[in-house]
Asks: 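Dropping a structure here in structure tokens format, bear with me for questions.
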Amino acid sequence: MAATATYPPPPPYYRLYKDFIENPKSTPEPPPPIEGTYILYGATYTTDDVLPSLEDQGVRQLYPKGPDVDFKKELRSLNRELQLHILELADVLVERPSQYARRVEDISLIFKNLHHLLNSLRPHQARATLIHILELQIQRRKEAIEDIKRRREEAQRLLKESLGTLDGH
């Protein structure tokens, strides 16, 4: 009956919070944050947010290893290589259709490398986005402060004019 009701009753754990208004400390503490690995719907996940290397994924890396990767240069290089392989694929499909599979695998490898390089830039992108949002907030707050100052000066001017008018009568 409760499952088909228009407004089913709240879940049973609501009783844990029934005295919150009178005594906020009566409610249970939230569980501690999960660290490490955990299982959700039968799949294992981890809280370590690390981009696995291409080798860990069983993919050959086409750009230099190490922390000093020139992303712009490597992305351009992989993009040029991708264009070349796509043109070669078109030629192979016309002249030797039975040999297309190797070309498609090469293109897939280039795409995986491009994708990995772009994902390597995600933390930088997140920081840049956050910095931009914070700068916009600072700018809006400065504009709001200036607007408040202008309105205060206008109010003070109007108040002085009113006092002058009252003194004049």
Side-chain angles (χ1 to χ4, degrees), residues 1-54 56-57 59 61-83 110-169:
M1 177 74 177
T4 60
T6 305
Y7 297 105
Y13 62 82
Y14 83 94
R15 291 185 188 94
L16 299 173
Y17 301 93
K18 67 181 180 183
D19 299 326
F20 178 77
I21 293 175
E22 295 84 32
N23 183 9
K25 293 182 180 179
S26 68
T27 59
E29 290 289 320
I34 297 172
E35 291 183 14
T37 59
Y38 61 96
I39 296 175
L40 179 67
Y41 301 119
T44 303
Y45 296 92
T46 180
T47 56
D48 300 328
D49 193 15
V50 177
L51 181 64
S53 69
L54 285 169
D56 292 345
Q57 300 174 40
V59 178
Q61 187 167 324
L62 300 176
Y63 55 91
K65 295 179 175 89
D68 300 329
V69 175
D70 184 356
F71 288 96
K72 196 176 198 180
K73 177 182 163 235
E74 296 304 328
L75 286 169
R76 280 188 177 147
S77 172
L78 286 170
N79 190 34
R80 278 191 226 102
E81 195 172 338
L82 177 64
Q83 291 172 359
I110 294 170
F111 270 123
K112 288 175 183 174
N113 275 266
L114 279 167
H115 194 256
H116 191 268
L117 264 176
L118 291 173
N119 280 337
S120 299
L121 291 171
R122 296 290 180 212
H124 173 72
Q125 179 189 21
R127 280 191 298 277
T129 302
L130 184 60
I131 288 169
H132 179 69
I133 289 170
L134 292 173
E135 286 172 346
L136 285 177
Q137 287 178 355
I138 290 170
Q139 180 185 350
R140 280 192 222 115
R141 288 177 182 169
K142 284 181 179 177
E143 289 170 0
I145 289 169
E146 288 302 316
D147 186 48
I148 289 170
K149 285 179 181 176
R150 278 195 305 276
R151 290 174 189 260
R152 187 190 76 199
E153 289 168 1
E154 178 69 16
Q156 286 174 341
R157 187 184 59 76
L158 288 172
L159 188 59
K160 285 180 184 174
E161 286 178 9
S162 326
L163 289 173
T165 305
L166 288 174
D167 287 343
H169 274 74

Asks: Listed by chain and number, what are the side-chain hydrogen bond (donor to acceptor under 3.5 Å, both in side chains) partners of D56, not counting sequence neighbours?
Replies: S53

Asks: What are the two closest heavy atoms between T47 and I34, and how far apart are they?
Replies: CG2-O, 3.3 Å

Asks: Can you list the residues that meet the side-chain contact (heavy atoms from CB on, under 4.5 Å) rule with R15, with sequence neighbours excluded?
Replies: P12

Asks: Which residues satisfy the salt bridge (charged side-chain N to carboxylate O under 4.0 Å, His left out) test with E143, sequence neighbours excluded?
Replies: none

Asks: List in chain and number order the residues that pass salt bridge (charged side-chain N to carboxylate O under 4.0 Å, His left out) with K160, two or more places apart in sequence or in another chain; answer none if no residue qualifies.
Replies: none

Asks: The criterion is salt bridge (charged side-chain N to carboxylate O under 4.0 Å, His left out); which residues satisfy it with E154, sequence neighbours excluded?
Replies: R157

Asks: So how far is it from H132 NE2 to Q137 CD, rounded to the nearest 0.5 Å?
Replies: 11.0 Å

Asks: Give every donor-acceptor pair under 3.5 Å between a side-chain atom in residues 114-121 and any protein atom, sequence neighbours left out.
Replies:
residue: H115; atom: ND1; partner: N119; partner atom: ND2; Å: 3.3
residue: H116; atom: ND1; partner: Y63; partner atom: OH; Å: 2.8
residue: H116; atom: NE2; partner: P52; partner atom: O; Å: 2.9
residue: S120; atom: OG; partner: H116; partner atom: O; Å: 2.9

Asks: Roughly how far apart are L130 CG and E135 CD, rounded to 0.5 Å?
Replies: 10.0 Å

Asks: R151: what forms a salt bridge (charged side-chain N to carboxylate O under 4.0 Å, His left out) with it, not counting sequence neighbours?
Replies: D147

Asks: Got a second to check how far L134's CG is from T129's OG1, nearest 0.5 Å?
Replies: 11.0 Å

Asks: Do Q125 and R122 pair up side chain to side chain, a donor and an acceptor below 3.5 Å, judged on atom types alone?
Replies: yes

Asks: For F71, check ring pair (Phe, Tyr, Trp, His ring centres under 6.0 Å) against everything at least two apart and list the hits.
Replies: none

Asks: Rounded to the nearest 0.5 Å, how far apart are CZ of R80 and CG of L75?
Replies: 11.0 Å

Asks: Scan residues 63-76 for pairs that pass salt bridge (Lys or Arg N to Asp or Glu O under 4.0 Å), counting only residues two or more places apart or in two chains.
Replies: E55-K65

Asks: To the closest 0.5 Å, what do you measure between CG (D167) and OG (S162)?
Replies: 10.5 Å

Asks: Starting at CD of E161, measure out to CG of L166 and round the result to the nearest 0.5 Å.
Replies: 12.0 Å

Asks: Just to verify, what does P30 make a side-chain contact (heavy atoms from CB on, under 4.5 Å) with, not counting sequence neighbours?
Replies: none

Asks: With a cut-off of 3.5 Å and sequence neighbours excluded, list every side-chain donor-acceptor pair involving residues 35-46.
Replies:
residue: T46; atom: OG1; partner: D48; partner atom: N; Å: 3.2

Asks: So, using side-chain contact (heavy atoms from CB on, under 4.5 Å) as the criterion, who are the partners of E146 when residues are at least two apart?
Replies: K149, R150

